[in-house]
There are 2 protein chains.
Amino acid sequence: MATGRGRPRDTQIDAAVLQATAEALDHHGYRGVVIEDVARRAGVSKTAVYRRWPNRHRLTLAVLAERVGRIEAPSTGCTLCDLHECLTLITHAFRRLGAGTLAQLIAEGDDDPAVQQHLTQAVLDPPRRAVHRTLFEARRRGDLRSDVDLPLTVDALSSLVFYRLLLGADPMDPHEIEAVVIAQLRGIATDADTLLREATEHEEHHPH
Amino acid sequence: MATGRGRPRDTQIDAAVLQATAEALDHHGYRGVVIEDVARRAGVSKTAVYRRWPNRHRLTLAVLAERVGRIEAPSTGCTLCDLHECLTLITHAFRRLGAGTLAQLIAEGDDDPAVQQHLTQAVLDPPRRAVHRTLFEARRRGDLRSDVDLPLTVDALSSLVFYRLLLGADPMDPHEIEAVVIAQLRGIATDADTLLREATEHEEHHPH
DNA sequence: ATGAATACGAAACGGAGCGTAGCGTAAAGG
DNA sequence: CCTTTACGCTACGCTCCGTTTCGTATTCAT
């Protein structure tokens with residue numbers, strides 16, 4: 001890899017395989033990612049796939065990481081708005097991913113710590129960090145009590161999104177997200193009422 | 001089935017297979033439930049297994065339903081205590097179940113609504129109902145605001161348990177459960193401070 | 001008693017899909 | 001030119017699901 005000895009890899013193959021994998025993922029979920037089919041649709045041999053990714057788990061993660069990894073924590077200064085936006089972003093990103101796919105990836109990591117770590121790093125940490133950052137900023141502004149357990153609150157907020165995706169009938173809708181964020185804020189804010197008022201004003205400046 | 005024509009089924013086989021399945025589940029998780037192995041350890045033919053359960057998914061659910069289905073909603077009259085107890089029960093029941101197993105079952109139901117429904121009914125609904133009942137009692141006592149979205153609050157509380165089990169490093173510990181319940185109560189209670197005080201008194205009567 | 005229906009065990013099978021290996025060819029560098 | 005690596009093709013071994021076949025056993029109905 002370091003030295004350029006031998007025939008260089010065809011970078012178009014990487015792209016084609018990732019493309020085909022993404023399509024299979026969207027159409028049939030994780031179990032639709034069948035290496036032989038992916039290779040054929042990419043116009044590539046199975047060998048070429050396995051030369052780049054050690055197994056279909058890692059291949060799939062390579063696609064998902066790009067989709068989910070780009071969640072940015074919003075920062076408007078309005079705590080309620082930021083949290084709402086944050087959870088909305090996560091909901092959208094993971095809704096496209098699909099419940100079965102995520103569940104399958106989790107299951108596969110059950111007995112292999114390395115697999116589990118890759119999943120966590122590539123797919124689960126990014127949204128967590130976004131929520132954490134949002135809460136951190138809020139606390140820095142003095143919006144949150146000082147005794148709030150930040151990691152636990154991160155879990156409390158993001159867990160709902162995953163739960164509804166994995167186990168619920170429907171993913172979260174905007175109204176539900178708002179209700180949860182408000183209830184949560186009442187539990188951890190120094191002055192929840194003021195935050196709610198600020199959010200209402202903010203809404204008037206950025207309608208819909 | 002209605003008429004007793006033909007040789008009756010050996011009820012010991014049912015028991016032996018369920019037993020063997022439970023052991024496999026505890027030792028190696030869902031993927032350890034290999035029909036051929038289960039049958040052998042139960043001293044039974046594979047045919048006998050498939051005559052009773054249509055596939056390993058249903059066989060596994062038959063075991064889990066008995067374990068998880070017996071979660072009873074506590075009812076001491078102390079809202080905080082009841083919720084704490086409720087979440088603790090769920091955490092214990094599902095910790096034994098194992099993250100990989102649950103994830104695998106969810107994944108398998110992805111493209112088959114019937115499978116998904118069986119899982120929901122046998123494993124996921126019981127804990128949900130326990131939380132719901134606990135919250136319902138609390139609202140009936142007037143401990144909760146009247147505008148509280150009960151189903152959503154049920155999700156908010158139980159989601160955390162599942163999230164930590166499926167995606168987190170460790171399941172919830174008692175201290176974390178308490179912190180979450182308190183924060184949540186501040187968001188939905190009519191008078192959170194009084195509830196907390198009651199819980200403290202209750203604790204003195206039922207120490208440890 | 002005899003026959004139909006059902007259960008049981010043993011064994012073999014078909015199928016899906018993962019990941020690997022062997023072989024011949026192609027492209028790069030020393 | 002020789003070594004190294006990439007590529008495609010094909011075949012293979014492996015695991016495990018769920019099915020089928022066949023001979024035997026057990027029960028009820030007539």
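Reminder, nothing fancy here: chain letters follow the sequence lines and each chain counts from 1.
- Residues passing the side-chain contact (heavy atoms from CB on, under 4.5 Å) test with A/Arg67 are A/Ala22, A/Asp26, A/Val63, A/Arg96, sequence neighbours excluded.
- Rounded to whole angstrom, the span from the CD atom of B/Glu108 across to the C1' atom of D/dC17 amounts to 11 Å.
- The nearest whole Å value for the distance from the OH atom in B/Tyr50 to the C1' atom in D/dT21 is 17 Å.
- DNA chain C lies under 4.0 Å from at least one heavy atom of each of the following residues of residues 29-36 of chain A: A/Val33, A/Val34, A/Ile35.
- The closest side-chain heavy-atom distance from A/Leu160 to B/Leu160 is not below 4.5 Å.
- Judged as a ring-ring contact (aromatic ring centres under 6.0 Å, His included), and not counting sequence neighbours, the contacts of A/Phe94 are A/Phe162.
- Side-chain contact between A/Leu157 and A/Thr134 is absent, with no heavy atoms from C-beta onward closer than 4.5 Å.
- Residue pairs meeting the side-chain hydrogen bond (donor to acceptor under 3.5 Å, both in side chains) criterion with at least one member in residues 119-129 of chain B, sequence neighbours excluded: B/Arg128-B/Asp155.
- Inter-residue side-chain proximity for B/Thr190 and B/Leu195 is flagged as unmet; no heavy-atom pair is nearer than 4.5 Å.
- Considering only heavy atoms from C-beta on, A/Met172 stays 4.5 Å or farther from A/Leu87 through its side chain.
- Side-chain proximity of B/Ala48 to the nucleotides C/dG9, D/dT26, C/dA27 is greatest for C/dG9.
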Only distances under 3.5 Å count here; give the side-chain donor-acceptor pairs of residues 176-185 of chain B to other protein atoms, sequence neighbours excluded, each with its distance to 0.1 Å.
unit_1	atom_1	unit_2	atom_2	d
B/Glu176	OE1	B/Arg164	NH2	3.1
B/Glu176	OE1	B/Asp173	N	3.2
B/Glu176	OE2	B/Arg164	NH1	3.4
B/Glu176	OE2	B/Arg164	NH2	3.2

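- Within the structure, every pair that satisfies the side-chain hydrogen bond (donor to acceptor under 3.5 Å, both in side chains) test and touches residues 45-54 of chain B, not counting sequence neighbours, is listed here: B/Asp14-B/Arg52.
- Remark: A/Arg145 engages no residue in a side chain to side chain donor-acceptor pair (under 3.5 Å) (not counting sequence neighbours).
- Residues that satisfy the side-chain contact (heavy atoms from CB on, under 4.5 Å) test with A/Ala39, not counting sequence neighbours, are A/Val49.
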Quiz: residues 68-77 of chain A side-chain donor-acceptor pairs under 3.5 angstrom, not counting sequence neighbours:
unit_1	atom_1	unit_2	atom_2	d
A/Thr76	OG1	A/Cys78	N	3.2
A/Thr76	OG1	A/Asp82	OD1	2.8

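- DNA chain C lies under 4.0 Å from no heavy atom of any residue of residues 13-26 of chain A.
- Using a 4.0 Å cutoff on non-hydrogen atoms, the parts of residues 51-61 of chain B near DNA chain C are B/Arg51, B/Arg52, ordered by number.
- Of the possible donor and acceptor atoms, none in the side chain of A/Thr91 sits under 3.5 Å from a partner among the backbone N and O of A/Pro171.
- With rounding to whole Å, A/Arg7 atom CZ is found 10 Å from D/dA6 atom P.
- Out of C/dA27, C/dG19, C/dC8, the shortest distance to the side chain of B/Asp10 is found at C/dC8.
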Could you run down the sub-3.5 Å N/O contacts of the protein with nucleotides 10-15 of chain C?
unit_1	atom_1	unit_2	atom_2	d
C/dA10	N6	B/Thr47	OG1	3.2

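- The nearest whole Å value for the distance from the CD atom in B/Gln12 to the P atom in C/dG9 is 12 Å.
- Considering only the side chain of A/Arg5, D/dT3 comes nearest among D/dC7, D/dT3, D/dC28.
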